[in-house]
Amino acid sequence: MDTAETVLASRGVRPTPQRVVITEYLLNTKSHPTADQVLEAVANALPVQLSRATVYNTLHTLVEAGVIQEVYTEPGGCARYDANTERHHHFVDTKNGCIYDIPFEAVPSLDKSLDDNYKVSNYTVTFFGEPKQGQPKQES
Ligand SMILES: [Zn+2]
């Protein structure tokens, strides 16, 4: 797996300590955490405690640079952060709120009628339900 430093360098982002710890945390979780969950996880990772503003600003910088992406799984819901920047879809477990990555190819391409009327630049599909047994297999 790529290290946080490698990923930041590949996007031309200067590896400040806070960027490294946040990127590292996101690379190592598949849970699609909210900004507050990221804050909770990394608050004490450095000698100086990370403030909420620092974590929010750092997430913003990382999204802008394409190191991570923002994911919205419900209208008006809060942003979640994902180090998987490949195109993919999501499955939300309605029992426990867990979010799983679904391969982009799992969803058939757009119907021609949509293509005819809109210039689609990007799309993502979110499924809701329950995994059939235990933890679904995850691509890595
Ligand atoms: Zn994802």
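Counting starts at 1 for both ligands and their atoms, in listed order.
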Chemist: Name the atoms and distances for all side-chain donor-acceptor pairs under 3.5 Å in residues 12-20, with sequence neighbours left out.
Modeler:
{"from": "Thr16", "atom 1": "OG1", "to": "Arg19", "atom 2": "N", "distance (Å)": "3.3"}
{"from": "Arg19", "atom 1": "NH1", "to": "Arg14", "atom 2": "O", "distance (Å)": "2.9"}

Chemist: So, for Asp82 and His88, which heavy atoms are closest and what is the spacing to 0.1 Å?
Modeler: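 The answer is OD2-NE2, 2.9 Å.
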Chemist: Taking only residues two or more places apart in sequence, or in another chain, which ones meet Lys119 in a salt bridge (Lys or Arg N to Asp or Glu O under 4.0 Å)?
Modeler: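 Applying salt bridge (Lys or Arg N to Asp or Glu O under 4.0 Å) to Lys119 gives none.
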Chemist: Can you list the protein N, O or S atoms less than 2.8 Å from the Zn ion (ligand 1)?
Modeler: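 As for protein N, O or S atoms lying under 2.8 Å from the Zn ion (ligand 1), they are His32 NE2, Asp82 OD2, His88 NE2, His90 NE2, Asp101 OD1.
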Chemist: Can you list the residues that meet the salt bridge (Lys or Arg N to Asp or Glu O under 4.0 Å) rule with Arg11, with sequence neighbours excluded?
Modeler: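 Counting only residues at least two positions away or on another chain, Arg11 forms no salt bridge (Lys or Arg N to Asp or Glu O under 4.0 Å).
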Chemist: Does the side chain of His32 pick up a donor-acceptor pair with the side chain of Asp101 at under 3.5 Å?
Modeler: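 Looking only at side-chain atoms, Asp101 and His32 do form a donor-acceptor pair, the distance falling under 3.5 Å.
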Chemist: More than 12 non-hydrogen atoms from neighbouring residues, nucleotides or ligands closer than 6.0 Å to CD on Glu40, yes or no?
Modeler: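 Atom CD in Glu40 is not packed in, count stays at 12 or less.
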